[in-house]
Amino acid sequence: MELLYDSTRTKGKPVKASEAILKGLSDDGGLFVPERIPVLDQSLEELSGMNYAQTAYEVMKLYLTDFTKEELESCISRAYDAKFDTDEIVPLVEADGAFYLELFHGATIAFKDMALSILPHLLTTSARKNHVENEIVILTATSGDTGKAALAGFADVEGTRIVVFYPKNGVSPIQEKQMITQKGKNTYVVGINGNFDDAQTGVKEIFADRELAAELNEKGFQFSSANSINIGRLVPQIVYYVYACAKLFGQGRIRKGEKINVVVPTGNFGNILAAFYAKQMGLPIDRLICASNENRVLYDFFATGAYDRNREFVLTSSPSMDILISSNLERLIYQIAGRDADKNRELMDALKSAGRYEITDGMREALCDFYGNYADERETARTIRGLYEKTGYVIDTHTAVAACVHHKYVEETGDDKVTVIASTASPFKFTRSVMNAIDKSHDGLGDFELADRLSQLSGVPVPAAVEEIRNAPVLHDHVCGKNEMKQTVCAFLGIGG
């Protein structure tokens, strides 16, 4: 059965999956959402015997219905291959009473690889299906991880260019080095003098610029996005929750009819939204536990029903979550508003104009599956150290936020269901913060020396993604103001703007 995609802000103009992937963002500024959430047509027992690629096909075929079996299988096989350092793709590691879903075994050691390994193939396939002759310009804002994963995915992909904006002083040294050493004639990396929200807002404004779009088309270009606002990013993220549940079932860790809880460290809301979609598809998930850092805008939203970005922006040791405008939350708001595009648009307009909105009591009742809490910097470090001292297992700062919030949830509720914690980045991506937490005897060591020390402590080899940038030359040293992003893109493309 064909599945079409609606905009969260306009009624009655659905598009096919391939068209939604190509556009990235709807013409009205809304996000594309499936007109219905499909139900899994394979049982957990059947899924438990499948590898990751097979599971991906069973999930994605339900969403990308205008892709042929051959097209989809080709995209999947090219995505989940030897660039992952384990055949499992996403191992489940049990530690201290929870299961850590390690989403960081791809080329850039962060969970963004799970979707951005396949997005270039989905996008180029979509372009062929829709007879697109323009060169596709991927325009992306990153809080640290999306940028490198997108660059690695699209580097030298024929018919594409990619521009990545990141907050110049708002990512870890390893994250920045990964981006600014990126090879590829079609890649362009720019630091902005601002935070992630500034970068994300600037990208959205460029997408919404109709005059620029017309000029681009005249010059043979068109924009698309690799951010999680692209439905081609969101759908692949659903897969690993299905895979985790199936593996737990296959290992006898859960029985038929038994539910699990899922904990996700959350900034832009895409990762936990994928878990919500997985639950709606019939996966046995009970609570969706949303973990925030000191930028606790989502925690406050779940506690009060008011989303308010009018607050101090805090730079933390978990920079991929340093976000005050969680773009993917709009998809959930649309869903709990009864898929009312007018109501959703009203709320999003209020966020843009006043910096806040408040949902109705009925909408709050529809959020009963979610639980929100947060971890401050001291709690994050204490969680890393405590888990290491107890088990020898080392986690990164983002995963530690989730683990801390999981402990708070259990203490508050007594709910001891089997729990999957989304482990979103390798600790080697945030070596200084991790080492500060578990071993402070490293004064004067550089970030790569710290990686070596962390390897000694954890017994885990330094990942190839870190080794390859250790002595790599800087290829991108561009910096611009947050109000100069449009001109920067136009200069890269060689157009007037």
Side-chain angles (χ1 to χ4, degrees), residues 83 106-110 112-113 116-117 119-120 123 135-203 205-207 216 221 223-227 315 319-320 322 425 428-432 446-448 451 463-495 497:
K83 63 175 137 318
T108 73
I109 56 176
K112 307 296 176 70
D113 288 323
L116 284 164
S117 291
L119 182 60
L123 192 62
E135 192 168 4
I136 297 168
V137 180
I138 305 300
L139 188 60
T140 291
T142 184
S143 55
D145 288 335
T146 285
K148 172 58 180 177
L151 289 161
F154 283 95
D156 291 324
V157 170
E158 188 176 352
T160 70
R161 298 195 196 187
I162 178 165
V163 185
V164 170
F165 290 99
Y166 73 96
K168 177 61 181 170
N169 298 309
V171 300
S172 80
I174 296 274
Q175 284 178 312
E176 182 173 47
K177 189 76 183 288
Q178 281 187 307
M179 287 188 283
I180 63 178
T181 59
Q182 177 65 53
K183 298 177 182 178
K185 294 179 181 178
N186 64 336
T187 64
Y188 194 60
V189 181
V190 186
I192 73 159
N193 295 316
N195 59 40
F196 169 73
D197 289 328
D198 295 325
Q200 183 168 249
T201 298
V203 165
E205 288 174 352
I206 293 171
F207 269 107
L216 282 170
F221 298 110
F223 283 133
S224 189
S225 173
N227 278 90
L315 290 173
S320 295
D322 291 347
F428 288 92
K429 202 153 193 173
F430 303 93
T431 49
R432 190 165 300 277
D447 287 281
F448 293 99
V466 174
E467 290 290 5
E468 71 184 15
I469 63 170
R470 190 185 290 260
N471 298 307
V474 171
L475 301 176
H476 306 273
D477 57 0
H478 312 283
V479 179
C480 77
K482 62 184 181 182
N483 297 319
E484 299 170 332
M485 293 170 60
K486 176 181 172 180
Q487 299 95 302
T488 301
V489 171
C490 289
F492 172 57
L493 297 177
I495 63 175

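We use all heavy atoms of the structure for the numbers below, so side chains are in, but hydrogens, waters and symmetry mates are not.
Across every non-hydrogen atom of Ser143 and Ser320, the tightest pair is OG-O, 3.1 Å. Contact detail for Ala149 and Leu116: the closest heavy-atom pair is CB-CD1, 3.4 Å. When all heavy atoms are compared, the tightest approach of Phe207 to Ser225 is CZ-CB, 3.6 Å. Considering every non-hydrogen atom in both Val466 and Ala451, the closest pair reads CG1-CB, 4.4 Å. For Met485 against Ala199, the heavy-atom pair with the smallest separation is CE-O, 3.3 Å. Smallest separation of non-hydrogen atoms from Ser224 and Ile136: CB-CG2, 3.9 Å.
No side-chain heavy atom of Thr431 sits under 4.5 Å from any side-chain heavy atom of Phe448. For the pair Pro173/Arg432, no side-chain contact is recorded, criterion being any heavy-atom separation below 4.5 Å from C-beta on. When side chains are defined from C-beta on, Asp198 does not count as touching Phe165, because their heavy atoms never get closer than 4.5 Å. Between Asn193 and Val479 the shortest side-chain heavy-atom distance falls below 4.5 Å. With a 4.5 Å cut-off on side-chain heavy atoms, Gln182 and Leu475 do not count as touching. Contact annotation: the side chain of Leu123 approaches that of Ile138 to within less than 4.5 Å [non-hydrogen atoms, C-beta and beyond]. Between Ile174 and Ile469, the closest side-chain pair of non-hydrogen atoms falls below 4.5 Å. The shortest distance between side-chain heavy atoms of Val203 and Thr140 does not fall below 4.5 Å.
Pairs passing the salt bridge (charged side-chain N to carboxylate O under 4.0 Å, His left out) check and including a residue from residues 168-194, sequence neighbours excluded, read Lys168-Glu176.
The pair Glu135-Arg161 meets the salt-bridge criterion, with a side-chain N (NZ, NE, NH1 or NH2) lying under 4.0 Å from an Asp/Glu carboxylate O.
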**Message:** Run the side chain to side chain contact (heavy atoms under 4.5 Å, CB included) test on Asp477 and Ile180 for me, step by step, so that the C-alpha distance in whole Å, both residues' side-chain angles and the decisive distance to 0.1 Å come before the verdict.
**Reply:** CA-CA 7 Å; Asp477 57 0; Ile180 63 178; over 6 Å; no
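Asp145 pairs by the salt bridge (Lys or Arg N to Asp or Glu O under 4.0 Å) definition with Lys429, not counting sequence neighbours. The salt bridge (Lys or Arg N to Asp or Glu O under 4.0 Å) check on Asp197 picks up nothing, with sequence neighbours excluded. In this structure, Tyr166 has no ring pair (Phe, Tyr, Trp, His ring centres under 6.0 Å) partners at least two apart in sequence or on a different chain. Among residues two or more places apart in sequence or in another chain, the ring pair (Phe, Tyr, Trp, His ring centres under 6.0 Å) test is passed with Phe196 by none. By the salt bridge (Lys or Arg N to Asp or Glu O under 4.0 Å) test, Glu484 pairs with no residue at all, sequence neighbours left out.
When the shell of 6.0 Å around CG of Asn471 is examined, it contains 12 or fewer heavy atoms from other residues, nucleotides or ligands. The 12-atom threshold is exceeded at NZ of Lys83, counting heavy atoms of other residues, nucleotides or ligands nearer than 6.0 Å.
Between atom CZ of residue Phe428 and atom CD1 of residue Ile109 there is a gap of 8.5 Å, rounded to the nearest 0.5 Å. Put simply, NZ on Lys482 and CD1 on Ile192 are 8.0 Å apart, with the number rounded to the nearest 0.5 Å. In this structure, Ser172 OG and Gln178 CD are separated by 7.5 Å, a value rounded to the nearest 0.5 Å. Distance check: Thr488 OG1 to Leu493 CG gives 11.0 Å after rounding to the nearest 0.5 Å. In this structure, Asn169 CG and Asn195 CG are separated by 11.0 Å, a value rounded to the nearest 0.5 Å.
A donor-acceptor pair is defined here as one N or O able to donate and one able to accept, closer than 3.5 Å; such a pair exists between the side chain of Asp113 and the backbone of Thr108. Using modelled atom types, one side-chain atom of Asn186 and one backbone atom of Phe154 make a donor-acceptor pair closer than 3.5 Å.
In this structure, Tyr188 and Phe492 have parallel ring planes: the angle between them is below the 30° cut-off, well short of the 60° mark.
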